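A short worksheet on the structure shown next.
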Amino acid sequence: MTDRSLSIVILAAGKGTRMYSRQPKVLHQIAGRSMLGHVLALASGISHAKISVVIGPGMDDVRKEVVRWSPDASIFVQENQAGTADAVLAARDQLVAERGDVIVLYADSPLMRPQTLAKLVSSLESGAGVSVVGFEADDPTGYGRLLTDASGDLIAIREHKDASADELNVRLCNSGVMAFRLPDVVAVLDRIGNDNAKGEFYLTDAVEIARRDGLKAAVVTCEMDEVLGVNSRDQLAVAESIWQTRARLAAMRAGVTMIAPDTVWLSFDTVLGQDVTIEPNVFIGPGVTVGEGVWIKANSYLEGADRKSAAGLRIDTGAEVGPFARLRPGTELGADVHIGNFVEVKNAVLAPGAKANHLTYIGDGTVGAGANIGAGTIFCNYDGFNKNRCEVGAGVFIGSNSALVAPVRIGDGAYVAAGSVITTNVEPDSLAIVRAKREDRPEWAAKYRAMMQRRKG
């Protein structure tokens with residue numbers, strides 16, 4: 001590969017009216033990350049590339065998303081949407097400053113693989129002045145057609161509305177993704193006119209201009225799934241399904257067992273260690289790292305990041321989670337920890353060997369190694385204003401149906417009797433019992449029933 005400069009221009013100015021959403025189209029998510037975020041991640045995979053993003057007027061949320069995923073990217077505004085060539089020229093200052101190779105990507109096409117982008121760059125290295133990513137479509141209706149000569153070189157791209165009857169029979173279709181190695185990209189784009197059915201400046205017309213200038217135009221092909229454009233909610237669901245299928249397959253090929261893969265949902269940054277087993281109906285949100293040999297049982301929900309926190313979630317080697325468990329951001333489970341059915345953990349660290357097997361809430365706290373949290377235990381961490389912490393030491397036994405009112409510390413080896421409400425610290429190796437004194441009233445029940453019968457009579 002040469003040391004030529006490379007600019008990647010990502011077009012993100014579309015309004016996305018068919019999404020019927022107040023949120024800009026490119027901010028809708030696939031696997032826990034915006035479509036724009038996925039495309040920025042793809043572009044960032046080429047280390048020397050200078051990334052530019054073209055947005056529409058007033059798209060402050062899109063601007064923030066660019067900064068979130070690619071802080072060094074340049075942002076340009078397309079004031080009036082007059083076609084794809086006009087959109088690329090919104091980044092004119094960047095293109096003039098770099099004067100190198102240019103790749104154009106689309107923020108609503110989040111599924112392109114890095115290998116395809118690499119093939120696109122390689123085609124420029126092989127002598128193409130313009131290279132276009134294309135795909136074979138069973139039904140090419142609506143797509144622009146890639147017209148080639150007998151040697152396979154690209155002659156022109158014809159938009160569907162402008163294609164002749166013969167051209168409409170062509171199944172090789174345009175994805176919109178293009179790369180340029182031209183003496184002056186801006187000068188070529190400035191020569192594009194808008195004499196077409198929609199009166200827009202089509203980037204695709206650069207192919208014919210380059211050909212007239214004696215430059216070679218090439219086609220790089222990929223699977224149709226990679227260049228799926230998302231313009232509606234149903235297409236968003238299709239893109240999600242494609243991404244999930246890829247991710248599940250990659251995980252299984254790397255040593256993860258999924259009993260019912262189609263029912264497991266992963267996120268863009270999910271990390272799964274070797275010999276992890278995942279039972280049916282498991283959702284793994286962003287920010288989750290799972291160590292080797294972990295068993296995640298059915299109907300569990302794990303997330304390391306949500307709208308309030310991005311604290312992450314980590315599960316160490318040999319732990320068991322579920323069934324019907326919920327793990328939230330800030331959770332750290334040590335080796336061989338057991339989290340059982342209907343247990344919720346949030347912002348808490350459980351040391352190796354700790355167990356909470358049934359019907360428990362552990363929020364804002366620590367649980368020491370080998371501690372046992374009995375069924376129905378609640379960490380009462382919120383007083384209506386502030387979150388406070390519970391600290392449970394190593395080897396502690398918390399009896400069923402206990403409430404630990406934070407802030408409170410249970411010392412190593414202590415026992416808390418079932419049904420206790422603990423509001424002050426418990427010393428190590430002691431027993432804490434907090435219960436009302438029992439009172440027995442002999443024959444009370446019989447007398448009560450007799451009284452009620454007389455009233456009914």
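Since this is a predicted model, take the numbers as computed values, not measurements.
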Is there a donor-acceptor contact under 3.5 Å from the side chain of [X] to the main chain of [Y]?
X: S420; Y: I422; value: no
X: T360; Y: A356; value: no
X: H358; Y: A375; value: no
X: Q244; Y: A31; value: no
X: S267; Y: D269; value: no
X: T263; Y: A260; value: yes
X: R171; Y: A137; value: yes
X: Y202; Y: T204; value: no
X: N341; Y: F324; value: no

Mind listing the closest non-hydrogen atom pair of [X] and [Y] along with its distance?
X: L404; Y: C390; result: O-SG, 3.5 Å
X: S300; Y: K297; result: OG-O, 3.1 Å
X: H28; Y: S21; result: NE2-OG, 3.1 Å

**OP:** Calculate, to the nearest 0.5 Å, the distance between atoms CZ and OG belonging to R181 and S123 respectively.
**Re:**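 Going from the CZ atom of R181 to the OG atom of S123 covers 9.0 Å.
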Note to self: Nearest 0.5 angstrom please: K50 NZ to Q94 CD, how far?
What the structure shows: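 Result: 5.5 Å between the selected atoms.
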Taking the side chain as everything from C-beta on, heavy atoms only, tell me whether [X] gets closer than 4.5 Å to [Y].
X: K25; Y: N231; answer: yes
X: I398; Y: N372; answer: no
X: L333; Y: L313; answer: no
X: V408; Y: T423; answer: no
X: K346; Y: Y361; answer: yes
X: E223; Y: R113; answer: no
X: I46; Y: I8; answer: yes
X: D364; Y: F379; answer: no

We want to know whether [X] and [Y] form a side-chain donor-acceptor pair, criterion being a heavy-atom distance below 3.5 angstrom.
X: E65; Y: S34; answer: yes
X: D234; Y: S232; answer: yes
X: N388; Y: N381; answer: no
X: Q78; Y: D86; answer: yes
X: S52; Y: S74; answer: no
X: E226; Y: T116; answer: yes

Please determine whether a side-chain nitrogen of the Lys or Arg among [X] and [Y] lies less than 4.0 Å from a carboxylate oxygen of the Asp or Glu.
X: D440; Y: R438; answer: yes
X: E439; Y: K437; answer: no
X: R246; Y: D225; answer: no
X: E344; Y: R328; answer: yes

Notebook entry, point to check: Can you list the residues that meet the side chain to side chain contact (heavy atoms under 4.5 Å, CB included) rule with D429, with sequence neighbours excluded?
Noted result: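 So D429 forms no side chain to side chain contact (heavy atoms under 4.5 Å, CB included) with any residue.
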Discussion item. For F268 and H38, take the angle between the two ring planes, folded into 0 to 90°, and tell me which bin it lands in: parallel under 30, tilted 30 to 60, perpendicular over 60.
Written reply: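 Judged by the thresholds at 30° and 60°, the geometry between F268 and H38 is perpendicular.
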Throw together a table of side-chain donor-acceptor distances under 3.5 angstrom for residues 271-294, partners on residues two or more places apart or in other chains.
residue, atom, partner, partner atom, Å
E279, OE1, A298, N, 2.9
E279, OE2, W295, NE1, 2.7

Do the two ring centres, one from Y143 and one from F135, sit under 6.0 Å apart?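 Yes, close enough.
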Regarding R248 and the six-membered ring of W265, is the cationic atom NZ or CZ under 6.0 Å from the ring centre and inside 45° of its axis?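 Yes, cation above the ring, under 6.0 Å and within 45°.
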